[in-house]
Student: 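Pasting a structure here, questions to come.
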Amino acid sequence: MARDQYTFTDPAALYADIQPRSQHQPEPGLDADLAPRADLGEETYRGTGRLTGRKALVTGADSGIGAATVIAFAREGADVVLSYLPEEEEDAQRIVRIAEGSGAKAVAVPGDLRDRDYARELVARTVEELGGIDILVNNAGKQVYNEEISTLPDEQIDATLATNVSAMFWITKEAVPHLPAGASVINTTSIQAYSPSPVLVDYATTKAAINAFTKALAQQLAPRGIRVNAVAPGPIWTPLQVSDGQPQDKIAEFGESTPLGRMGQPAELAPAYVFLASAESSYVLGETLNVNGGMVSP
Ligand code: NAD
Ligand code: MG
């Protein structure tokens with residue numbers, strides 16, 4: 001039998017065949033050009049009906065963690081709307097085909113989340129295309145390293161805050177009136193929220209904001225039966241990391257300092273999103289689920 005996410009295996013030895021390699025892609029980067037290729041669960045994620053009939057909107061859905069989440073959601077029985085940047089069409093179309101391959105409806109809606117009208121329109125499109133929305137995954141993110149705050153461009157500060165934080169507010173505001181009791185909002189935060197790198201001041205700030213947003217909103221929406229949670233990845237092999245997410249002279253050691261001693265793959269994140277989306281996590285709210293190779297977090 002081929003391996004799936006339930007196969008008993010040594011997590012320290014897993015993915016020894018996918019080692020990080022320095023390279024450079026222009027932002028936003030493509031999974032199609034990542035070498036070696038990341039595991040999005042294409043061959044390994046096995047659905048068991050955990051999200052049957054559900055309707056999901058996922059941002060940053062073309063590649064990395066968002067794409068692995070779309071594949072998992074589709075195989076668990078959900079229909080999905082995918083948000084991503086127009087430059088990422090190639091990656092997005094591949095994920096749409098994989099999702100459709102499991103019988104799901106998958107709808108591609110490209111656009112720039114810094115554009116408030118696009119962010120709002122996304123929710124209306126989801127409701128129109130899927131007949132409603134009961135899972136919202138705010139996962140899109142911008143990460144560009146900078147060594148020295150006095151040279152951090154104002155445009156970058158604005159773009160990072162808009163992509164990672166403002167868009168999350170705009171989409172969530174628009175979505176909440178449509179969300180039924182039982183719905184789930186899941187935000188992608190980061191180990192950077194607690195353990196910020198000196199070269200990621202703007203990015204780490206947004207991830208701490210996402211944690212606070214998650215915990216505050218979870219309390220506000222709990223009486224309405226809407227659960228809000230976050231997933232905090234550690235070092236994961238995605239295009240974000242090779243499109244100025246960090247200096248490439250460090251990439252050979254990417255993930256080595258985690259207790260497991262390796263970087264993670266997007267496929268290892270997807271089950272966390274499935275758990276938080278599904279009714280099996282009915283008593284889990286305002287939680288940050290760390291998926292980070294064992295790094296200690298508060
Ligand atoms: P990724 O590059 O595959 O995904 C990020 C996505 O964000 C892009 O695919 C793009 O579609 C989207 N995006 C960026 N700017 C956008 C904009 N202006 N408009 C619309 N979409 C935009 O990388 P990933 O690592 O899978 O990132 C997903 C999330 O995981 C991000 O929030 C990131 O901060 C977070 N994260 C990643 C890591 C890691 O090590 N890779 C660690 C912690 C947290
Ligand atoms: Mg992408």
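First listed ligand is number 1; within each ligand, the first listed atom is number 1. Treat the numbers as computed from the prediction; the structure is a model and nothing was measured.
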Student: Verify whether one side chain among Ser63 and Asp91 offers a donor that lies under 3.5 Å from an acceptor in the other.
Tutor: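 Ser63 vs Asp91: no donor-acceptor pair found between side chains.
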
Student: Is it true that Lys142 and Glu27 make a salt bridge, defined as a side-chain N closer than 4.0 Å to a carboxylate O?
Tutor: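 The answer is yes: the pair qualifies as a salt bridge.
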
Student: Nearest heavy atom to atom 16 (C) of ligand 1 wins, so pick from Leu85, Thr69, Leu113.
Tutor: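 Selected option, by shortest heavy-atom distance: Leu85.
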
Student: Does the pair Asp134 and Arg54 meet the rule for a salt bridge (charged side-chain N to carboxylate O under 4.0 Å, His left out), with working shown?
Tutor: CA-CA 6 Å; Asp134 54 37; Arg54 300 287 298 273; 2.9 Å; yes

Student: What part of Thr59, side chain from CB on, backbone N/CA/C/O, both or neither, has a heavy atom under 4.0 Å from ligand 1?
Tutor: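 Under 4.0 Å from ligand 1, Thr59 contributes no heavy atoms.
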
Student: Relative to the heavy atoms of Ile65, which atoms of ligand 1 are at a distance of less than 4.0 Å?
Tutor: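 Answer for ligand 1: 26 (O), 30 (O), 37 (C).
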
Student: I want to know if ligand 1 touches Tyr84 in the polar sense, i.e. an N/O pair below 3.5 angstrom.
Tutor: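 Tyr84 vs ligand 1: no N/O contact under 3.5 Å.
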
Student: Are side-chain heavy atoms of Gln246 and Ser197 found at a separation under 4.5 Å?
Tutor: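 Counting from C-beta outward, Gln246 and Ser197 never come under 4.5 Å.
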
Student: Is the ring pair Phe254/Trp237 parallel, tilted or perpendicular, if the boundaries are 30 and 60 degrees?
Tutor: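 Rings of Phe254 and Trp237: tilted, as their planes differ by 30° to 60°.
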
Student: Gly234 to ligand 1: N or O pair under 3.5 Å?
Tutor: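 Such a contact does occur with ligand 1.
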
Student: Under 4.0 Å, counting heavy atoms only: does Gly29 come that close to any atom of ligand 1?
Tutor: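 No, Gly29 has no heavy atoms under 4.0 Å from ligand 1.
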
Student: If you apply the rule salt bridge (charged side-chain N to carboxylate O under 4.0 Å, His left out), what do you find for Arg262 with Glu256, and how did you get there?
Tutor: CA-CA 5 Å; Arg262 65 166 177 90; Glu256 254 175 33; over 6 Å; no

Student: Provide the atom name of the closest N, O or S atom of Asp62 relative to the Mg ion (ligand 2).
Tutor: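 Relative to the Mg ion (ligand 2), the closest nitrogen, oxygen or sulfur of Asp62 carries the name OD2.
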
Student: What residue among Asp112, Val109, Leu113, Val58 forms side-chain contact (heavy atoms from CB on, under 4.5 Å) with Ser83?
Tutor: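 The side-chain contact (heavy atoms from CB on, under 4.5 Å) with Ser83 is passed solely by Leu113 among Asp112, Val109, Leu113, Val58.
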
Student: Would you confirm whether the ring centroid of Tyr203 sits within less than 6.0 angstrom of the ring centroid of Tyr145?
Tutor: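 They do not qualify: ring centres at least 6.0 Å apart.
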
Student: Strictly under 4.0 Å, does any heavy atom of Ala68 approach an atom of ligand 1?
Tutor: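 False for this residue.
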
Student: Can you confirm whether the side chains of Gln156 and Asn146 place a donor and an acceptor under 3.5 Å from each other?
Tutor: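 Gln156 vs Asn146: no donor-acceptor pair found between side chains.
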
Student: Does Gly264 come within less than 4.0 angstrom of ligand 1, counting non-hydrogen atoms of the residue?
Tutor: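 The answer is no, since Gly264 has no heavy atom less than 4.0 Å from ligand 1.
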
Student: With a 4.0 Å heavy-atom cut-off (strictly under), which part of Asp62 contacts ligand 1: side chain, backbone, both or neither?
Tutor: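 Side chain only.
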
Student: At under 4.0 Å between heavy atoms, is it the side chain or the backbone of Gln241 that contacts ligand 1, or both, or neither?
Tutor: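 It is the side chain that touches ligand 1; the backbone stays farther off.
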
Student: Between Thr59 and Asn139, is there a side-chain donor-acceptor contact under 3.5 Å, judged purely by atom types and distance?
Tutor: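 On atom types as modelled, these side chains do not qualify, holding no pair under 3.5 Å.
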
Student: Is Ile236 in polar range of ligand 1, meaning some N or O pair under 3.5 Å apart?
Tutor: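 Yes.
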
Student: Quick one: which ligand 1 atoms are inside 4.0 Å of a heavy atom on Pro239?
Tutor: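 Checking each atom against Pro239, I get 3 (O).
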
Student: Which of the listed options, Gly141, Ala140, Pro28, holds the heavy atom that is closest to atom 14 (C) of ligand 1?
Tutor: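 Looking at heavy atoms only, Gly141 sits closest to atom 14 (C) of ligand 1.
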
Student: Identify, by atom number and element, the atoms of ligand 1 in contact range of Gly64, meaning under 4.0 Å from any of its heavy atoms.
Tutor: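 In order of number, 3 (O), 26 (O).
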
Student: Distance under 4.0 Å to a non-hydrogen atom of Pro235: what atoms of ligand 1 satisfy this?
Tutor: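 Every atom of ligand 1 under 4.0 Å from some heavy atom of Pro235: 40 (O).
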
Student: Looking only at distances, please establish whether an N/O atom of ligand 1 is found under 3.5 Å from an N/O atom of Gly60.
Tutor: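 Looking only at distances, the answer is no, because the N/O contact criterion of under 3.5 Å is not met.
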
Student: Is the contact between Lys207 and ligand 1 made by the side chain, the backbone, both, or neither, using heavy atoms and a 4.0 Å cut-off?
Tutor: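 Looking at Lys207 and ligand 1, just side chain atoms fall under 4.0 Å.
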
Student: As a check for students: among Leu34, Asp112, Leu40, identify the option with a heavy atom nearest to atom 18 (N) of ligand 1.
Tutor: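 Result: the heavy atom closest to atom 18 (N) of ligand 1 is in Asp112.
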
Student: Taking the Mg ion (ligand 2) as the vertex, measure the angle between atom OG in Ser63 and atom OE2 in Glu88; round to 10°.
Tutor: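 Vertex at the Mg ion (ligand 2): approximately 170°.
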
Student: For ligand 1, which atoms, with element, lie under 4.0 Å from some heavy atom of Thr188?
Tutor: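 It comes down to these atoms of ligand 1: 29 (C), 30 (O), 32 (O), 35 (C).
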
Student: Checking contacts here: is it the side chain or the backbone of Thr238 that comes within 4.0 Å of ligand 1, counting heavy atoms only? Could be both or neither.
Tutor: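 Within the 4.0 Å criterion, Thr238 contacts ligand 1 through side-chain atoms alone.
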
Student: Can you find an N/O atom of Glu88 closer than 3.5 Å to an N/O atom of ligand 1?
Tutor: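 The answer is yes, given that Glu88 and ligand 1 share an N or O pair closer than 3.5 Å.
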
Student: Show me which atoms of ligand 1 lie under 4.0 Å from any heavy atom of Tyr203.
Tutor: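 What qualifies from ligand 1 is 33 (C), 34 (O), 35 (C), 36 (N), 43 (C), 44 (C).
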
Student: What's the spacing between Asn187 CG and Ile210 CD1 if we round to 0.5 Å?
Tutor: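 Going from CG on Asn187 over to CD1 on Ile210, the span is 7.0 Å.
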
Student: I'd like to know if the side chain of Thr258 reaches the main chain of Gly261, judged simply by a donor and an acceptor atom lying under 3.5 Å from each other, with no hydrogens or angles considered.
Tutor: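 Yes, the answer is positive, given that a donor and an acceptor are paired below the 3.5 Å cut-off.
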
Student: For ligand 1, is Ile191 a contact, meaning one of its heavy atoms is under 4.0 Å away?
Tutor: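 Not so, Ile191 does not reach ligand 1.
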
Student: Would you mind checking if Arg46 and Asp4 are paired as a salt bridge, meaning a charged N to carboxylate O distance below 4.0 Å?
Tutor: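 Yes, this pair counts.
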
Student: Show me which atoms of ligand 1 lie under 4.0 Å from any heavy atom of Ser63.
Tutor: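 Matching atoms, with element in brackets: 1 (P), 2 (O), 3 (O), 4 (O), 9 (O).
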
Student: Measure the spacing between OG of Ser190 and CD1 of Ile236 and express it to the nearest 0.5 Å.
Tutor: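 It is 9.0 Å, given to the nearest 0.5 Å.
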
Student: Quick one: are Phe275 and Val284 in side-chain contact, heavy atoms under 4.5 Å?
Tutor: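 Side chain of Phe275 against side chain of Val284, heavy atoms only: contact under 4.5 Å found.
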
Student: Which ligand 1 atoms are under 4.0 Å away from a heavy-atom of Gly111?
Tutor: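 Listed by number with element: 19 (N), 20 (C).
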
Student: Carefully, step by step, assess Glu42 and Arg94 under the rule salt bridge (charged side-chain N to carboxylate O under 4.0 Å, His left out).
Tutor: CA-CA 11 Å; Glu42 298 95 325; Arg94 189 175 82 92; 2.7 Å; yes

Student: Below 4.0 Å from any atom of ligand 1, is there a heavy atom belonging to Arg114?
Tutor: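 The answer is yes, since Arg114 has a heavy atom less than 4.0 Å from ligand 1.
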
